[in-house]
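Structure first, then comments.
Atom set for the values below is all heavy atoms of this structure, side chains included, hydrogens, waters and symmetry mates excluded.
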Amino acid sequence: MNSFTDSFTINGITLTAQPICRQGEVLTPDALDFVAKLHRATAERRQELMQARHARRAQIASGQDPRFLPETEGIRNDPNWRVAPPAPGLEDRRVEITGPVDRKMTINALNSGAKVWLADMEDSSTPTWRNVIQGQLNLTDALERRIDFTSPEGKEYRLRDDQELPTIVVRPRGWHLPEKHMLIDGKPIAGGIVDFGLFFFHNARRLLAQGRGPYFYLPKIENHLEARLWNDIFVLAQDLLGIPQGTIRATVLIETITAAFEMEEILYELRDHAAGLNAGRWDYIFSLIKNFRTRGPRFVLPDRGQVSMTQPFMRSYTEQLVRACHRRGAMAIGGMAAAVPNRKDEAANTASFEKVRADKTREANDGFDGSWVAHPDLVPVCREVFDGVLGDQQNQLDRSREDVTPDDRALIDISTTEGNITEQGIRINIEVGIRYIESWLRGNGAVAIHNLMEDAATAEISRSQLWQWIHSHAITEHGDIITREWVEELLDEEFARLERFDDDRFTDARSIFEEVTLAEDFPTFLTIPAYARFLTEAKEKASEEELIAA
């Protein structure tokens, strides 16, 4: 199979990418047959759900605010149902480290001392064919404890033998991203099906033999019907491999504004497979901007750096999430600490650590069972905070948070947000957006900028804020109206300041950034046109259907 050059079809799946080393270990006939069955059983429903996203966004744009669903009131009011109890390896999740599944990060994450590693095939991983296949190889190699890595400078990385490894929880791509190098009937398979299916097929039994299980983080879900689709995929996958139902466990990221109105319903749909919910703060902010971007000043946020977790609408979101989870026996996992330690600047490092400590202290005191960090140096900080609150307990499931009243209006009460829009905020959005896309185009989906770990979600905030500020004629703290022409001027200035290097992708990155920021139409995700134009082996434009329906 590794000898084909243009395309190769096996079990009804056509592979169009140039093969990479060892891909035959991943793309076996049986594995491809398994993925094909998952795809064929669900492709039509997935497309219907993507169209439903478009319809709901149109409703919101027309002035219809989301509310708690009257048709699911019975689920919310029924006090008796619970999700499955914590699965082996998921009883204690006080500190989770996140990161892409390249070899170096895999080893560093598993050596970090965290309780859980979110092995990310989504926002911090550029979906090149090489990354998709090598990520699967790296996960299997890690589970077999045969993974190692030597850097270009000669530094060696190996798994430690003196400690238990974190529980691995894999995050596949969201429903909106296709895998254009894997086709059925000439159409791409959903990237999430590819990522989930290949990992589950190759590693479910291996994980069970090790006393754990196949666990997943589900990104970008917008409503309970999308959760139902994932649950049906889980049921089918377990049946196809003859694995007991309920073996899979999934934690759902509540990182879209519409999902925040259906948190209990999402847990209900996944209840036999549900492990909890996560407060995915950066995508959540992006989703709010995207959905309400044309609704005028009421929904205009200040500079990205001022939209903290203590803003009233973010406090409402996190507290209602903890209540929803613990009411149903599910774990509540806090958001990302995106700080990247600077070991060359002790003062900056100390200040950064204190911000992380304050953030984690708030989460632990609110009842969260654990939280995320992006760097191994932050694992001890997060662990210390949760150790202090948990004591001998593994989690805080006994804290029901019945003191929190469900309030759908509070979730979108943006008018109480404090802060200003500044010229510096505009410039930072431009710089971060272009620098991140440039790194993404080179295959690196997680990049440190100004001592913060940026991924696709933070780049989405940067470009969507600029789009919204332009179209709503937002005003800075000094009374300047933000216009397209002014943003273009600042873009020229910031682009000229970038430090160039051989074979950089800044010209391509600027092209994508302008397309998703300055165009009259608003692409739903910047990764869709970037993937179509630069990452597929047959370069193409993203279709109108993809840009609208995602």
Check the pair V132 / M121 against side chain to side chain contact (heavy atoms under 4.5 Å, CB included), numbers first and verdict last.
-> CA-CA 7 Å; V132 168; M121 296 182 168; over 6 Å; no
Answer yes or no: is there a side-chain heavy-atom contact under 4.5 Å between P127 and W440?
-> yes
More than 12 heavy atoms of other residues, nucleotides or ligands under 6.0 Å from CD of E44: is that the case?
-> no
Do side-chain atoms of D455 reach the backbone of A457 as a donor and acceptor pair under 3.5 angstrom?
-> yes
Taking the side chain as every heavy atom from C-beta outward, state whether Y284 and T256 have any atom pair closer than 4.5 Å.
-> no
Side chains of E179 and H39, donor plus acceptor under 3.5 Å | no
Under 3.5 Å, is there a donor-acceptor pair between the side chain of R399 and the main chain of R323?
-> no
Is there a donor-acceptor contact under 3.5 Å linking the side chains of Q136 and N203?
-> no
When you check the gap from the basic side-chain N to the acidic O, do R40 and D185 get nearer than 4.0 Å?
-> no
In terms of side-chain geometry, is the basic nitrogen of R315 or E319 positioned less than 4.0 Å from the acidic oxygen of its partner?
-> yes
Side-chain donor/acceptor of N231 to backbone N/O of A227, under 3.5 Å | no
R76 and D78 ion-paired at < 4.0 Å = no
The single option from V101, T98, D120 that satisfies side chain to side chain contact (heavy atoms under 4.5 Å, CB included) with R171 is D120
Side chains of Y215 and P88: closer than 4.5 Å at any heavy-atom pair?
-> yes
Return yes if a side-chain donor-acceptor contact under 3.5 Å exists between Q394 and E91, otherwise no.
-> no
With the side chain counted from C-beta on, respond yes when W372 and V95 share a heavy-atom pair under 4.5 Å apart, and no when they do not.
-> no
Are V389 and N365 side-chain neighbours, meaning at least one heavy-atom pair lies under 4.5 Å?
-> yes
Among T28, V35, D33, L240, side chain to side chain contact (heavy atoms under 4.5 Å, CB included) partner for F201 = T28
Distance (rounded to the nearest 0.5 Å) between R56 CZ and I257 CD1 | 10.0 Å
Check ion pair E73-R67 (N to O, under 4.0 angstrom) = no
Note: T106 and I147 closest approach over all heavy atoms is CG2-CD1, 3.7 Å
Step by step, work out the side-chain hydrogen bond (donor to acceptor under 3.5 Å, both in side chains) result for D239 and Q245.
-> CA-CA 8 Å; D239 279 348; Q245 291 297 323; 2.9 Å; yes
With a 4.5 Å limit on heavy-atom distance, are the side chains of M331 and H326 in contact?
-> no
Residues, nucleotides or ligands: over 12 heavy atoms within 6.0 Å of Y268 OH | no
Check the pair E460, S464 against side-chain hydrogen bond (donor to acceptor under 3.5 Å, both in side chains), reporting the backbone distance first and the verdict last.
-> CA-CA 6 Å; E460 293 282 23; S464 61; over 6 Å; no
Mark yes or no for whether E363, through its side chain, and G335, through its backbone, hold a donor-acceptor pair below 3.5 Å.
-> yes
Carboxylate-amine/guanidinium contact R103 D141, below 4.0 Å = yes
Please determine if K290 forms a cation-pi arrangement with F525, meaning its NZ or CZ atom is less than 6.0 Å from the six-membered ring centre and no more than 45° off the ring axis.
-> yes
Would you please say whether a donor-acceptor pair under 3.5 Å links the side chains of T251 and R93?
-> yes
When rounded to the nearest 0.5 angstrom, what is the spacing between CG in L277 and CD in Q320?
-> 12.5 Å
Is there a donor-acceptor pair closer than 3.5 Å between any side-chain N or O of N278 and the backbone N or O of G334?
-> yes
Are F199 and P172 close enough that some pair of their side-chain heavy atoms sits under 4.5 Å apart?
-> no
R94 with D369: basic N within carboxylate O range, under 4.0 Å = no
Sub-3.5 Å donor-acceptor pair from the side chain of E96 to the main-chain atoms of K115, do we have one?
-> no
Measuring from L229:CG to E48:CD, what's the distance to the nearest 0.5 Å?
-> 10.0 Å
Would one find more than 12 heavy atoms of other residues, nucleotides or ligands at under 6.0 Å from atom CD of E164?
-> no
Rounded distance [0.5 Å steps], OG1 in T167 versus CG in D92 = 9.5 Å
Evaluate side-chain hydrogen bond (donor to acceptor under 3.5 Å, both in side chains) for W282 paired with E255, printing each intermediate quantity in order.
-> CA-CA 7 Å; W282 306 122; E255 56 183 356; over 6 Å; no
Between K360 and S371, is any side-chain donor less than 3.5 angstrom from a side-chain acceptor?
-> yes
Side chains of E226 and H224: do they bring a donor and an acceptor to under 3.5 Å?
-> no
Flag side-chain contact, heavy atom, 4.5 Å: F196 against W230 | yes
Ring-face cation contact, W81 with R271, 6.0 Å cut, 45° max = no
Basic-acidic side-chain contact under 4.0 Å: E222, R53 | yes
What's the spacing between I97 CD1 and M105 CE if we round to 0.5 Å?
-> 4.5 Å
Calculate, to the nearest 0.5 Å, the distance between atoms CZ and CG belonging to F216 and L118 respectively.
-> 11.5 Å
